[in-house]
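Remarks on the structure that follows.
Predicted model only: the values in this text are computed from it and were never measured. Positions are given from 1 along the sequence. Heavy-atom basis, side chains included; hydrogens, waters and symmetry copies ignored.
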Amino acid sequence: MSTDEIVDAQPVSASAAPVSCADVPGAPVPVVPLARSNRSRFRARLAGRAPAPPSPGAALHNISAATAVLLVLVAIGSVIHEPVLIPPLAASAAIIHGAPGLPLAQPRSVIVGHLLCAAVGYAVVAASGSSPWAAALAAGISLAVMTVARTPHSPACATAVVIVLNTPRPATFVPLLVGSAGLLVLAGWAASYARPRTPRYPAYWW
């Protein structure tokens, strides 16, 4: 048997690449309309890589829980005449109820992050007074401090800004801040167990 006959006698592997239409002379080649292809690419770019929206029931549950706890905080702030905490706490509530699995939403980040930024805010006021420039500086320092402390919570930067611009009394503001942050965490924990098949919050406490 010659060498050519031995090569011809080798079995064909089942995993060999299939023959496409382009490899067969005279075979028709499928053509995708250019307009349809462009529309598909445009829709893919428009959709992006954002996560799928939650179910209507889950969205209503999260929105209701966040709104309820914020209304409670507004009522408390009105009684003690300290309504300035609402901007940063509203952002915190949105993160806790909208993305409970993120590091930004965990109790360590929420409570300690707000406390650290409050300390930065009061330190900046003491050093440079109250001004928009000082508020911007306080926000930047707050971000650096939270990064080092491993307590990332972007709404807490607004706490430092609020303190610099409004100079609230520490004796009233700081206890309110701690209690409000704790209430947000407890509300998120309770809401996660109030509805079946809801992601459990928190992912970790510390």
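- Under a hydrophobic clustering in which Ile, Leu, Val, Met, Phe, Trp and Tyr are joined whenever their side-chain heavy atoms come within less than 4.5 Å, directly or via other members, I163 and V161 fall into different clusters.
- Connection of L73 to L115 is established within a shared hydrophobic cluster, with ILVMFWY side chains joined at heavy-atom distances below 4.5 Å, either directly or through further cluster members.
- Between the side chain of T67 and the main chain of S64, no donor-acceptor pair closer than 3.5 Å is present.
- Taking each heavy atom of P100 and Y201 in turn, the nearest pair found is O-CD1, 3.6 Å.
- Side-chain atoms of R108 come within 3.5 Å of backbone N or O of R150 as a donor-acceptor pair.
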Dump the intermediate steps for side chain to side chain contact (heavy atoms under 4.5 Å, CB included) on F173 and N166, then the final yes or no.
CA-CA 11 Å; F173 187 85; N166 295 275; over 6 Å; no
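- For the pair L104 and V110, the tightest heavy-atom approach, listed with the atom from each and the gap, is O-CG2, 3.9 Å.
- Side chain of Q106 to main chain of P202: no donor-acceptor pair is present (N/O by atom type, distance under 3.5 Å, no hydrogens or angles).
- Between L177 and A118 the shortest heavy-atom distance is CD2-CB, 3.6 Å.
- We find the OG-NE2 distance between S142 and H153 to be 12.0 Å, quoted to the nearest 0.5 Å.
- Judged by distance alone, the side chain of N62 and the main-chain N or O of H97 form a donor-acceptor pair under 3.5 Å.
- Nearest heavy-atom pair across V185 and P107 is CG1-CG, 3.7 Å.
- The closest donor-acceptor contact from the side chain of S109 to the backbone of A105 lies at 3.5 Å or more, if one exists at all.
- Considering every non-hydrogen atom in both P168 and V162, the closest pair reads CD-O, 4.2 Å.
- Taken to the nearest 0.5 Å, the CD1 atom of I95 stands 11.0 Å off from the CG atom of L184.
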For L137 and V164, run side chain to side chain contact (heavy atoms under 4.5 Å, CB included): C-alpha distance rounded to whole Å, both residues' side-chain angles, the deciding distance at 0.1 Å, then the answer.
CA-CA 10 Å; L137 179 63; V164 174; over 6 Å; no
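- By the criterion of side-chain heavy atoms lying less than 4.5 angstrom apart, applied directly or through intervening Ile, Leu, Val, Met, Phe, Trp or Tyr residues, V72 is grouped together with I111 in one hydrophobic cluster.
- In W133, the CH2 atom is not crowded: 12 or fewer heavy atoms of neighbouring residues, nucleotides or ligands sit closer than 6.0 Å.
- Transitive grouping of hydrophobic side chains (ILVMFWY, heavy atoms separated by less than 4.5 Å) brings I96 and V178 into a common cluster.
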Steps toward side chain to side chain donor-acceptor pair (under 3.5 Å) verdict (H114, S92):
CA-CA 10 Å; H114 277 296; S92 295; 2.9 Å; yes
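- Hydrophobic clustering (ILVMFWY, side-chain heavy atoms < 4.5 Å, transitive): L165 and I141 are in distinct clusters.
- Closest non-hydrogen pair, L70 versus A90, comes out as CD2-CA, 3.7 Å.
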